[in-house]
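Below, chains carry the letters A, B, ... as their sequence lines are ordered, and counting in each starts from 1.
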Protein chains: 2
Amino acid sequence: MGKARVTVVDIAKAAGVSKSTVSLVLQGSSLVNDVTRTKVSAVMRDLGYVYNRGAANLRQAGANSKIIGVVVNDLTNGFFAELAVGVDMVVQSAGFVQFLSNTSESLDRQREVIASMREHGISGLILSPARGTKAADLKPLVSAGIPVVVAVRNVPGAKVSAIVSDNHDGVFAAVRHLVSLGHRRIAFLGGFGDTAVFKERLDGYRDAIAGCQLPADETLIVDAAPSRAGGLEAIGQALMIADKPTAAICFNDAVAFGACDGLRARGIEPGKDFALVGFDDVIEAKTAVPALTTVSVDPQGMGRRGAQLLLKQISAGKPEPETIVSSVRLVVRESCGASREGAPPAAPQAV
Amino acid sequence: MGKARVTVVDIAKAAGVSKSTVSLVLQGSSLVNDVTRTKVSAVMRDLGYVYNRGAANLRQAGANSKIIGVVVNDLTNGFFAELAVGVDMVVQSAGFVQFLSNTSESLDRQREVIASMREHGISGLILSPARGTKAADLKPLVSAGIPVVVAVRNVPGAKVSAIVSDNHDGVFAAVRHLVSLGHRRIAFLGGFGDTAVFKERLDGYRDAIAGCQLPADETLIVDAAPSRAGGLEAIGQALMIADKPTAAICFNDAVAFGACDGLRARGIEPGKDFALVGFDDVIEAKTAVPALTTVSVDPQGMGRRGAQLLLKQISAGKPEPETIVSSVRLVVRESCGASREGAPPAAPQAV
DNA sequence: CCTAATATTTGGACCGTTCCAAATTTGGTA
DNA sequence: TACCAAATTTGGAACGGTCCAAATATTAGG
């Protein structure tokens with residue numbers, strides 16, 4: 001039950017040196033004599049000294065607070081939790097601690113949280129922005145010279161670094177895979193048309209369709225909420241058109257699951273009568289029935305690389321905005337009809 | 001791009017008052033005249049002032065740093081991510097921020113992280129302890145008078161508050177449910193015998209068996225790693241015994257999934273030929289085939305209540321250790337053989 | 001044994017805010 | 001108009017470190 005906090009002067013007194021010397025020991029300076037150092041260290045241990053980083057930061061003029069802020073839009077979503085873990089790994093081993101907050105897609109929450117982090121003097125921020133985040137929301141940070149890395153979703157117009165996955169490439173590969181299985185009528189389901197991510201994935205789809213000499217058919221593109229419910233709705237709409245698709249690329253895995261539901265409700269078996277590909281490779285993708293073929297994005301790796309980028313910018317004086325696109329990998333499972341055991345692909349014309 | 005940081009004296013100067021007055025405004029004191037307050041506030045806005053909480057904490061002697069630490073053993077696990085989100089909710093709306101770190105079950109990591117948080121002057125800690133955490137690990141915190149709430153797993157001997165789920169009750173209810181479906185030979189699979197959680201769940205099992213006048217048979221209890229692999233192994237062992245069980249309570253959902261694998265490998269269909277109940281209600285439980293009957297524990301609710309408890313202790317002077325047991329709910333799905341549609345239960349004697 | 005170097009230690013100012021006691025202003029009343 | 005109480009405002013000392021220039025100790029060379 002230590003009454004008062006132990007401070008450097010306490011241990012200076014006890015060790016018979018000045019507080020300056022204690023401070024020197026604290027920062028591992030080579031200026032201090034070894035015997036002094038050991039004596040001081042011993043006293044620190046004995047008295048149960050705990051370093052007060054807040055006090056230190058006060059004098060050391062902001063920059064190196066050893067705190068980095070992490071703000072995610074939905075920690076409940078395994079994808080973002082993994083991202084945070086990836087960040088934590090590198091941040092922690094670089095001797096920083098992370099301030100983590102969850103915004104639940106609320107812009108107000110996000111604003112509050114970022115403000116609070118500023119007050120605590122974070123030396124950098126990794127942000128997976130809530131939907132609708134504008135460049136203006138990040139303005140105060142960047143004009144204060146605090147490095148910011150946005151992850152997953154880009155913030156148009158903001159002069160900050162970003163780490164995003166290769167949306168174009170992922171969908172491109174998925175389409176080509178479906179084409180190689182014999183499909184010619186491939187739909188693109190789900191996602192909100194106003195987001196950058198949607199545009200990128202859709203461009204990947206269009207480019208692949210064009211690259212395979214297939215006719216572009218805008219009716220095959222149906223946008224909807226990027227959720228299970230949205231997928232259900234989207235597949236319904238896709239099956240209404242005259243020349244029905246035999247396969248679909250889904251905006252993300254949740255949409256793909258919804259599409260499964262919708263297919264089954266119509267007596268169509270996904271993976272057998274209809275091919276489906278998702279995006280993200282969420283945790284349930286591999287255990288679902290049928291196991292979902294999807295584009296895997298390694299959120300933890302993104303977190304790690306994002307954190308590395310941030311740390312680099314922190315140590316460099318002026319942060320030079322930089323964008324990393326994280327590459328992506330098609331994971332072939334059952335829902336696209338190409339079983340790994342080499343079973344013959346489902347006949348693509350039947351629906 | 002503001003060169004130097006704006007401080008209270010800057011705004012005092014600009015507003016033509018003293019820094020004391022500015023400080024008063026900052027803390028919303030009623031001592032300051034309204035016209036002064038508005039003028040000062042305006043200047044703060046104009047100059048882009050940001051409050052320096054570190055400096056404030058320095059003077060305000062520790063207690064109210066507005067930071068609470070959250071340490072979880074595995075953020076990748078949806079269960080703990082939900083827990084953290086629950087904590088964040090109440091912590092955030094109480095004007096605190098959370099320092100979150102992940103230990104990946106490493107005691108060293110945990111030690112480092114807790115030390116680092118102390119240096120940052122957290123006013124309380126919520127800890128989901130890594131396996132093997134000893135009371136001694138928390139000693140420094142409690143003797144410094146910092147409130148600690150451990151969640152999910154208890155730390156034996158530590159004089160701290162705890163919030164744990166009602167393990168006894170959950171398993172008790174599960175066993176009674178199986179008995180009501182006609183089962184008489186019910187196994188208990190998985191879990192490490194040396195953990196408190198295991199003991200509690202096993203006690204629930206034993207008490208329910210006894211309460212239903214069924215013979216206690218220790219060979220029906222097989223411990224194994226609390227993982228999918230452990231479940232696979234455990235079910236294999238359980239099926240070796242002469243008078244085979246027709247149902248099993250699994251230590252957690254992962255074990256239950258492993259048990260499913262094991263049953264299928266022997267041509268036994270879980271949910272039809274054999275009843276299985278899990279614990280935790282992880283996210284895959286409801287989408288698995290068959291959907292898993294399990295004991296649901298609402299991690300987010302636990303997080304919220306744990307945080308409330310912590311905040312209470314922070315505002316109270318001396319933390320009085322207190323234990324909350326969070327109640328638990330049996331979610332009946334398909335794996336126990338009792339379909340919600342009222343189909344007749346599987347014949348319990350056949351295996 | 002003295003002196004210049006080199007190695008080590010030290011006093012005090014300072015970081016941005018809060019707190020306290022004292023000073024100043026304001027308002028009401030005799 | 002003088003005087004007292006209430007309402008506001010204010011200077012300066014903390015808080016617990018770091019930093020710098022200057023002081024002191026030690027060592028080597030002559």
Quiz item: Thinking salt bridges, do B:Asp137 and B:Lys134 make one under a 4.0 Å N-O criterion?
Solution: no
Self-check item: Sidechain N-carboxylate O distance under 4.0 Å for B:Lys159, B:Glu322
Solution: no
Quiz item: Between residues 33-45 of chain B and DNA chain C, which residues have a heavy-atom gap below 4.0 Å?
Solution: none
Quiz item: What is the minimum heavy-atom distance between B:Ala14 and B:Leu47, and which atoms define it?
Solution: CB-CD2, 4.2 Å
Quiz item: Will you find, in the side chains of B:Thr133 and B:Gln110, an N or O donor that is under 3.5 Å from an N or O acceptor?
Solution: yes
Quiz prompt | N-O pairing of A:Arg118 and A:Glu112 below 4.0 Å | solution = no
Quiz item: Just how far, in rounded Å, is C1' of D:dC15 from CZ of A:Arg5?
Solution: 10 Å
Quiz item: Of the nucleotides C:dT18, C:dG16, D:dT18, which has the atom closest to the A:Leu26 side chain?
Solution: D:dT18
Quiz prompt | Closest to the B:Leu31 side chain, choosing from D:dG17, D:dT8, D:dT10 | solution = D:dT8
Quiz item: From the list D:dT18, C:dT17, C:dT9, which nucleotide is the closest neighbour of the side chain of A:Val32?
Solution: C:dT9
Quiz item: Considering only heavy atoms, which members of residues 13-22 of chain B lie under 4.0 Å from some atom of DNA chain C?
Solution: B:Lys19, B:Ser20
Quiz item: When all nucleic acid strands are considered with a 4.0 Å heavy-atom cut-off, which category describes B:Val25: base, sugar-phosphate, or nothing?
Solution: nothing
Exercise. Check whether the side chain of B:Arg59 and the base of C:dT17 form a donor-acceptor pair under 3.5 Å.
Key: no
Quiz item: Does a side-chain heavy-atom distance below 4.5 Å link A:Ile314 with A:Leu310?
Solution: yes
Self-check item: Shortest non-hydrogen separation from A:Glu82 to A:Pro299 and the atoms involved
Solution: CB-CG, 3.6 Å
Self-check item: Spacing of B:Leu58 atom CG relative to D:dC15 atom C1', expressed in whole Å
Solution: 4 Å
Practice problem: Return the nearest nucleotide to the side chain of B:Val8; candidates are D:dC19, C:dT17, D:dG17. | Solution: C:dT17
Exercise. Check whether any side-chain heavy atom of B:Arg53 lies under 4.5 Å from a side-chain heavy atom of B:Lys66, and answer yes or no.
Key: yes
Practice problem: Round to a whole Å and report the spacing from CG of B:Asn57 to C1' of C:dG16. | Solution: 12 Å
Exercise. May I ask you to check whether A:Ser326 and A:Arg305 show a side-chain donor-acceptor distance below 3.5 Å?
Key: yes
Quiz item: When the distance from CD of A:Gln60 to P of C:dG16 is rounded to whole Å, what number comes out?
Solution: 13 Å
